[in-house]
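Only one structure is covered here, and it is reproduced in the block below.
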Protein chains: 2
Amino acid sequence: MTSKIIQSIKSIASLNEAEEKAFLSILEVKLFKKKEFLLQEGKICNKITFVNNGIMRLFYNVEGVENTIQFFFGDSWYTDYASFLTGKPTIENLQALEESEVVQFKKEDLYKLYDSMPIFEKVGRIFAENAYLSISQLNQMKTNEEPELRYINLLKTRPELVQQIPQHYIASYLGIKPETLSRIRKRILTSK
Amino acid sequence: MTSKIIQSIKSIASLNEAEEKAFLSILEVKLFKKKEFLLQEGKICNKITFVNNGIMRLFYNVEGVENTIQFFFGDSWYTDYASFLTGKPTIENLQALEESEVVQFKKEDLYKLYDSMPIFEKVGRIFAENAYLSISQLNQMKTNEEPELRYINLLKTRPELVQQIPQHYIASYLGIKPETLSRIRKRILTSK
DNA sequence: GTAAAACGTTGACTTGAATCAAGAAATCAT
DNA sequence: ATGATTTCTTGATTCAAGTCAACGTTTTAC
């Protein structure tokens, strides 16, 4: 259950036996059923989540409209870093789209590791750096690419995503209405 | 020249005398004239910059169109973290809009500090965390707010910015054309 | 000081996505 | 299995920003 997360951490920084043991001791494995929430707006995000398998959707509400930020499949990390770092309530909702298995650990426990074993300070830094890189990539995609191009790229780079996730969620992820995505799809099909 | 940056670092983590000295030893003060570039697309960003005073504009080109990301005034930090971390060429351009004084240090030197003095690993972590927070805030603003609302909020929260920076750059920052900003301004004025 | 360049405003027109509405297709719950 | 709900598609219309073009104003460079 925890082998994948250990592998992922070790790709960040090599851990000796004691360090690995310390890390393992703070982990908690959890199962979420379809439609269950791992995080809901208003709550404080004080955990880091590693997705073993399943599918999750991350979104937030703006004036009653759901704004999809990202989808998570197996072998990916998630935390609302803003809430995690500031201790303020999150605006994000993370919902399982399929039954999913995750491994989590608490901020509290991570900060103890920061203080007791210097290597984890490094892990934390690289963690934050990776979080930055992924948000900045997402950012760039969103601001630079037209919805139609983004959809075409999505088809190329993550076809499994397009297949497994309802279209109206993908539309929301692309920042357009379902009707518009439907028309984009039609346009792509007929132009081939 | 370096008192502000030291103060800023100390607000992240307290440094003892040796640590402060080590940090000071890697700093370099630089002056940039109006229109000079601190960073240009295609180059690799291997520095972190602290702005003592002046005004800078950060932008990148998409198909010949400049896309303004942010403005920097005194007491602010800048690095293209993506290029800094990955070592890949940047797409960002950082240009002085007024004569500006900055303090910089090299990635190379920072990484030596990471290895020689553990406190800097912590500084690096908090740095990355702050970078994440600011990009995520910017992100949120951009995706949630209509250009007109964003402009009104900008007037409220950073009036000095609106006054000191040419409108077409502000338009670019808001993600709209100068003509549109001009019309928004007219709308706001006549509605008062 | 003056010519050139950059900047800002306004009008007419175009365009791409949103909205509203209705119906078809797929999925879910019992 | 079947009725209910959700999801997807299509058409007609609206709307906000973009585009193109012209012109007045401000700033810059020499």
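The sequence lines fix the lettering, A, B, ..., with proteins before strands; numbering per chain opens at 1. Computation of the quantities below employed the complete heavy-atom set of this structure, encompassing side-chain atoms and omitting hydrogens, waters and symmetry-equivalent molecules.
- The span of DNA chain D lying next to chain A, judged by atoms under 4.0 Å from heavy atoms, is bounded 5' to 3' by dT7(D) to dA12(D).
- A side-chain donor from one of E41(A) and N61(A) sits under 3.5 Å from a side-chain acceptor of the other.
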Write down the protein N/O and nucleotide N/O pairs, taken from nucleotides 11-20 of chain C, whose separation is under 3.5 Å; answer none if there are no such pairs.
{"from": "dG11(C)", "atom 1": "N7", "to": "R183(B)", "atom 2": "NH2", "distance (Å)": "2.7"}
{"from": "dG11(C)", "atom 1": "O6", "to": "R183(B)", "atom 2": "NH2", "distance (Å)": "3.0"}
{"from": "dA12(C)", "atom 1": "N6", "to": "R183(B)", "atom 2": "NH2", "distance (Å)": "3.3"}
{"from": "dA18(C)", "atom 1": "OP2", "to": "K177(A)", "atom 2": "N", "distance (Å)": "3.2"}
{"from": "dA18(C)", "atom 1": "OP2", "to": "T180(A)", "atom 2": "OG1", "distance (Å)": "2.6"}
{"from": "dT19(C)", "atom 1": "O4", "to": "R183(A)", "atom 2": "NH1", "distance (Å)": "3.4"}
{"from": "dC20(C)", "atom 1": "N4", "to": "E179(A)", "atom 2": "OE2", "distance (Å)": "3.4"}

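- No donor-acceptor pair closer than 3.5 Å links the side chain of S8(B) to the backbone N or O of I5(B).
- Aromatic rings from W77(A) and F127(A) are positioned such that their centres are separated by under 6.0 Å.
- Taking the six-membered ring for Trp and thresholds of 30 and 60 degrees, Y173(B) and F71(B) have ring planes inclined between 30 and 60 degrees apart.
- Side-chain N or O atoms of K107(A) include one that pairs as donor or acceptor with a backbone N or O of F84(A) at under 3.5 Å.
- Judged purely by distance below 3.5 Å, without hydrogens or angles, the side chains of T68(B) and S172(B) pair a donor atom with an acceptor atom.
- A salt bridge links R57(A) with E66(A); the closest basic N to acidic carboxylate O contact falls under 4.0 Å.
- A donor-acceptor pair under 3.5 Å is absent between the side-chain atoms of S100(B) and the main chain of A96(B), judged by distance alone.
- Following rounding to the nearest Å, E66(B) (CD) and dC7(C) (C1') show an atom-to-atom distance of 14 Å.
- Although no hydrogens or angles enter the test, the distance criterion places a donor-acceptor pair under 3.5 Å between the side chain of N52(A) and the main chain of M1(A).
- Between the side chain of Q140(B) and the backbone N or O of Q137(B), no donor-acceptor pair lies under 3.5 Å.
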All N/O contacts under 3.5 Å from nucleotides 26-30 of chain C to the protein, with atom names and distances to one decimal?
{"from": "dC28(C)", "atom 1": "OP1", "to": "K34(A)", "atom 2": "NZ", "distance (Å)": "3.4"}

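- Taken residue by residue, residues 163-173 of chain A places heavy atoms nearer than 4.0 Å to DNA chain D at P166(A), Q167(A), H168(A).
- Contact check on K122(B) versus E129(B) returns no salt bridge, with no Lys/Arg side-chain nitrogen under 4.0 Å from an Asp/Glu carboxylate oxygen.
- Using a 4.0 Å cut-off between charged side-chain N and carboxylate O, E28(B) and K47(B) make no salt bridge.
- Here ring-ring contact (aromatic ring centres under 6.0 Å, His included) pairs that include residues 87-123 of chain B, with residues two or more places apart or in two chains, are F23(B)-F105(B), Y111(B)-Y114(B).
- Two end axes, each from the C1' atoms of five base pairs, can be drawn for the helix from dG1(C)-dC30(D) to dT30(C)-dA1(D); they diverge by 70°, to 10 degrees.
- Between R185(A) and Q167(A), the side chains place a donor N or O and an acceptor N or O closer than 3.5 Å (distance only, hydrogens not considered).
- Taking the centre of each ring, Y132(B) and Y132(A) stay at or above the 6.0 Å mark.
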